[in-house]
2 protein chains.
Amino acid sequence: MQSRIEQICSEKGLRMTDQRRTIAQVLSDSMDHPDVDLLYQRAITLDPNISIATVYRTVRLFEEANILEKHDFGDGRARYEEASNNHHDHLINIKNGEVIEFYNDEIERMKIKIAKELGYDLVDHRLELYATPTSVKEPSGDDGEIQ
Amino acid sequence: MQSRIEQICSEKGLRMTDQRRTIAQVLSDSMDHPDVDLLYQRAITLDPNISIATVYRTVRLFEEANILEKHDFGDGRARYEEASNNHHDHLINIKNGEVIEFYNDEIERMKIKIAKELGYDLVDHRLELYATPTSVKEPSGDDGEIQ
DNA sequence: TTATGTGCAAAGAGTTTGCCAGCTA
DNA sequence: TAGCTGGCAAACTCTTTGCACATAA
């Protein structure tokens, strides 16, 4: 059966190969924000012959076709997620690298407004919050916080 | 005479060498957000024997001492600016790479609030607006826009 | 059939590091 | 002088690319 992303590829008229189908599958199944190496690790469980160069090429192809969004969370490698119509920003849990998506309408409006006030038209933007989980404070001494 | 950043180094008790003094000078004089190579180019006009490895090491030292802030504007290399107490965000003119600093109190409050609502304490954040200059629309044809 | 895609290894860009001479405190 | 620092080149990480072979349409 066609994966969600493979369907989008068909609609966009991309030539489909076994490798692209595999990578589309992996991406469709990924609920996180994997980097290229992680995609590659997942892909070779489905097709051990796939090469990391192909993952790089495919991920770029998909990004240029607006199927994927590329992110950079400051760790020196690109992360990918399926492009969606509903824009969102990211909060990165710096304790474990987990990425939480959020959307705030007021912030979105502010971004456009600020650019306009500076004499610019907003083309793209990036808001990332780096944060630690709030520890639950116990009224008496030890708050049970792990580490 | 001591450059502004060299003074901060002294206050922090960093061992000062000619190379570090030169780089501190270059940084103190830089009003933009230079990358390592640009700092290196500026440094070798003051001391032709300085090596780029030293620039990398010094910039990291200064960053760890909270003398510099490191940024990543998505072009694959780190950019630096003197750390300041007044936080600001950046708008990047994608036509020419120019970086404009701005501060918006409401946005700052929103960042903290959003993190809190998700159950996190904000540690750091990054907001970048990528934008093009608003072209002045002339009612009749040519609007005089350059390029 | 023919333009395109893939695998492999080499090349690139940015950054870090091992080693030893040189300098700071 | 004792230990930190700098220069140089090699190494590292992530990513791209040239080439010959394979494949989708």
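Numbered from 1 within each chain, the chains take letters A, B, ... in sequence-line order. Just so it is clear, the model here is predicted, and its values are computed rather than measured.
- Between S51(A) and dG7(C) there is a side-chain polar atom (N or O) within less than 4.0 angstrom of OP1 or OP2.
- Here the side chain of T54(A) is nearest to one of dG6(D), dT6(C), dT16(C), namely dT6(C).
- For the pair D35(A) CG and dC14(D) C1', the computed distance is 10 Å after rounding to whole Å.
- Residues R77(B) and D35(B) are paired through a salt bridge, judged by an N-O separation under 4.0 Å between the basic side chain and the carboxylate.
- One can place CG of L61(B) at 14 Å from P of dT17(C), the figure rounded to the nearest angstrom.
- Electrostatic pairing of K111(B) and D89(B) counts as a salt bridge here, judged by a charged N lying under 4.0 Å from a carboxylate O.
- Between K70(B) and A78(B), the shortest heavy-atom distance links the atoms CE-CB, 3.6 Å.
- Under the 3.5 Å distance criterion, with hydrogens and angles disregarded, no donor-acceptor pair is assigned to the side chains of E82(B) and S28(B).
- The CZ-P distance, from R60(B) to dG6(D), rounds to 13 Å in whole Å.
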Footprint string (nucleotides 18-25 of chain D, 5' to 3'): B base within contact, S backbone only, - free, heavy atoms under 4.0 Å: B-----BS
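- Rounded to whole angstrom, the span from the CD atom of Q19(B) across to the C1' atom of dG7(D) amounts to 9 Å.
- A distance of 6.0 Å or more separates the ring centres of H71(A) and Y80(A).
- Side-chain nitrogen and oxygen atoms of Y56(B) include none within less than 4.0 Å of the OP1 or OP2 phosphate oxygen of dT16(C).
- There is a path of hydrophobic side-chain contacts, each under 4.5 Å, that joins V55(A) to L27(A).
- Residues F73(B) and H90(B) bring their aromatic ring centres within 6.0 Å.
- Of all the residues in residues 37-50 of chain B, N49(B), I50(B) reach under 4.0 Å from DNA chain D with at least one non-hydrogen atom.
- Note on R60(A) versus E63(A): no salt bridge recorded, every NZ/NE/NH1/NH2 to OD/OE distance being 4.0 Å or above.
- Along DNA chain C, the nucleotide nearest I52(A) and the nucleotide nearest K70(B) are compared for position; the residue whose nucleotide lies closer to the 5' end is I52(A).
- One atom, CZ of R79(A), and another, C1' of dT15(D), lie 16 Å apart when rounded to the nearest Å.
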Could you list the donor-acceptor pairs under 3.5 angstrom formed between side-chain atoms of residues 40-51 of chain A and any protein atom two or more places apart in sequence or on another chain?
{"unit_1": "R42(A)", "atom_1": "NH1", "unit_2": "S30(A)", "atom_2": "OG", "d": "2.9"}
{"unit_1": "R42(A)", "atom_1": "NH1", "unit_2": "D32(A)", "atom_2": "OD1", "d": "3.1"}
{"unit_1": "R42(A)", "atom_1": "NH2", "unit_2": "D32(A)", "atom_2": "OD2", "d": "2.8"}
{"unit_1": "T45(A)", "atom_1": "OG1", "unit_2": "R42(A)", "atom_2": "O", "d": "2.6"}
{"unit_1": "D47(A)", "atom_1": "OD1", "unit_2": "N49(A)", "atom_2": "N", "d": "3.0"}
{"unit_1": "S51(A)", "atom_1": "OG", "unit_2": "A53(A)", "atom_2": "N", "d": "3.2"}
{"unit_1": "S51(A)", "atom_1": "OG", "unit_2": "T54(A)", "atom_2": "N", "d": "3.3"}

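- Atom-to-atom, CZ of R77(B) to P of dT15(D) comes out at 16 Å; the value is rounded to the nearest Å.
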